[in-house]
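One structure is given below, encoded as structure tokens.
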Protein chains: 2
Amino acid sequence: MLRETRHEQLLKLLREEGVLPVGRIAQRLGVSEATARRDLTDLDRAGMLTRVYGGAVARGPVERPFAAEEAEGRAGRDAVARTAAATVEDGETVLLDIGTTTLQLARRLRGRSITVATSNLAVYDELKDDPEVTLVLLGGQVRRNYRSLVGPLTQSGLGQLYADRLFLGTSGVLPDGRVLDTTDVEVPVKQAMLAAARHVVLLATARKFPGTGTARICGPQDIDALITNQASDPGTLAVFREAGVEVTAVDAELEGRR
Amino acid sequence: MLRETRHEQLLKLLREEGVLPVGRIAQRLGVSEATARRDLTDLDRAGMLTRVYGGAVARGPVERPFAAEEAEGRAGRDAVARTAAATVEDGETVLLDIGTTTLQLARRLRGRSITVATSNLAVYDELKDDPEVTLVLLGGQVRRNYRSLVGPLTQSGLGQLYADRLFLGTSGVLPDGRVLDTTDVEVPVKQAMLAAARHVVLLATARKFPGTGTARICGPQDIDALITNQASDPGTLAVFREAGVEVTAVDAELEGRR
DNA sequence: TCACACTCGCGCAAAGACGCTCACTCGCGC
DNA sequence: GCGCGAGTGAGCGTCTTTGCGCGAGTGTGA
């Protein structure tokens, strides 16, 4: 592996984890500890991280989707979440993807007589005290920064479920309708979710057009409905409409207050 | 553990408890009191806490106004938990059953380089902030009052795991060595756990002899080791020894403090 | 005021991390 | 084929951190 590539990966790891000991860095990068140390001193000198005895800590804010996204685009997200909540009927089983938009939706689902299945640990925290909601957690390894469950256990758990409705989150939607995600490890989970639901609803605030992401989750043909803001790119929405997707665009300003 | 990580944990502990003596800080962080003192002076100089004679107090508001901990049988449970934690080696995968004894064990496993798999949601809350522990949640339906996961999802998840060690809780042990539980719905989960571990360790404080329970989980022949208190019924312990179980009886008073 | 128990800070030794040096491998150009 | 330079891994002396013992200091109760 090229050194530049390795440096990129190291910084990515560190952004996700916050702090990492040298041994674990070497292990994750597949190099010796000596090389890991060399990389660390390089990146420390370049000001990309802070070296500490025994490892390194991320410089700047740790990549925490929840903290980072919490402030920005909140009104739009809540408008989407409220509209999504209105489509859920009592008695249904809904499957909630990871992310902040689905967390917002979970808040709007409090007190409803429904079953919620999720790999979103933030949703678990939100609904764990609600006696009305039957809460089902998918299994899997805990990813602390993303507050999610991933891994083969999650996928196999999804194989045993069938939900009335899936609310899918995303990190970005391309103009041609491809739905993206940033982290590779979540992709198989999301795809297993798609297969485990009768009705697939994509939640995407205006900022998700085009948003970010490198891994493809699915295309418009896999989606039944899309709930988004009116500020979203009209061209992309048209692509979804042409693919037969029921598109609902709610205005953040009108709906955005509580 | 990295010093930076340790400092983070120390501050978190302090935010939760408000005031902490040096001894307890050292105990919770798994370091000597000397190191705890050094950390305290560092963080005091950095203005992150206020040093007082004998310990430290949080600077800023306390998050949790001191949750009332279950007093009864606590010393005995902690003695069992500490002994159990000592048998776990770094790198192992341990499976933790539901219950308060295994929760106590989880507290003792903080900061260890191990993988913890559990259906115990209290264990999840305890370890979710620990970067050292790889945490795997079994899937299943959330049982709020028992803080556990149950159901077919839990069992099938266990079918995909194989742990080095299972720490099994119980509600009661009969004189003939039958291990009991009170709730039928947990029985298949516990039995699936038995099948998913190489080494089965039963944790049972003195109060569990005979304890309560209506459903049979397993017999002595399914257990490899039993960790209990010295006050436990000698006859029952003899039954386990005859079945080839390695019985460890730790005294709550002697082990209860350090 | 005094005595006792506890805490604190310092010196020291062991363990582990660091970084320097050296040998080796791989790709490249002559 | 052969030399060359960059990059990696391993060995080894140095330095940091940690845990423990000891004398000094501090708080508490008689």
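These numbers come from the heavy atoms of this one structure, side chains and all, not from hydrogens, waters or symmetry mates. A, B, ... follow the sequence lines: proteins, then strands. Residue 1 opens every chain.
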Inset, instruction - Give none if C:dA15 has no partner; otherwise give the nucleotide forming a Watson-Crick or G-U wobble pair with it, both distances under 3.5 Å. - result: D:dT16

Inset, instruction - Mind calculating the distance between CD1 (B:I25) and P (C:dT7) to the nearest angstrom? - result: 12 Å

Legend entry - Side chain of B:Y53 - closest among C:dG9, D:dG25, D:dG9: D:dG25

Inset, instruction - Grab the CD-C1' distance between A:E33 and D:dC12 for me, whole Å please. - result: 16 Å

Legend entry - Watson-Crick or G-U counterpart of C:dG29, or none if no pair lies under 3.5 Å: D:dC2

Inset, instruction - Could you tell me whether the side chains of B:Q160 and A:S156 share a donor-acceptor contact shorter than 3.5 Å? - result: yes

Inset, instruction - Using a 4.0 Å heavy-atom cut-off across all strands, classify A:G55 as base, sugar-phosphate, or nothing. - result: sugar-phosphate

Legend entry - Any side-chain donor near an acceptor of the partner, A:D181 and A:S171, under 3.5 Å: no

Legend entry - For A:S148 against A:I98, the heavy-atom pair lying closest together: CB-CG2, 3.3 Å

Inset, instruction - Answer with base, sugar-phosphate or nothing: what part of the nucleic acid does B:R38 contact at a heavy-atom distance below 4.0 Å? - result: base

Legend entry - Side-chain donor-acceptor pair present, B:H199, B:D164, cut-off under 3.5 Å: no

Legend entry - Short side-chain N/O contact to D:dT8 OP1/OP2 from A:T35, under 4.0 Å: no

Inset, instruction - Tell me the partner of C:dC2, counting only Watson-Crick (N1-N3 plus N6-O4 or O6-N4) or G-U wobble (N1-O2 and O6-N3) with both under 3.5 Å; none if nothing fits. - result: D:dG29

Legend entry - Side chain B:R37 and base D:dG19 donor-acceptor under 3.5 Å: no

Legend entry - B:R51 side-chain proximity, nearest of C:dG9, C:dG19, D:dA10: C:dG9

Inset, instruction - Could you tell me the separation between the CZ atom of B:R3 and the C1' atom of D:dC15, rounded to a whole number of Å? - result: 13 Å

Legend entry - Rounded distance (Å) that lies between atom C1' of D:dT8 and atom CG of A:D42: 13 Å

Inset, instruction - Would you check if there is a donor-acceptor pair between the side chains of B:Q104 and B:R107 at a distance under 3.5 Å? - result: yes

Legend entry - Integer-rounded Å distance: C:dA17 P and B:M1 CE: 14 Å

Inset, instruction - May I have the distance from A:R6 (atom CZ) to D:dA6 (atom P), rounded to whole angstrom? - result: 16 Å

Inset, instruction - Using whole Å, report how far CG of A:D44 lies from P of C:dA17. - result: 18 Å

Inset, instruction - Can you figure out which of D:dG19, D:dT8, D:dT17 approaches the side chain of B:A34 most closely? - result: D:dG19

Inset, instruction - With the side chain of A:S32 defined as its heavy atoms from C-beta on, choose the nearest nucleotide among D:dG19, D:dG9, D:dT8. - result: D:dG9

Inset, instruction - Whole angstrom is fine here: how far is it from CD in B:E4 over to P in D:dT18? - result: 10 Å

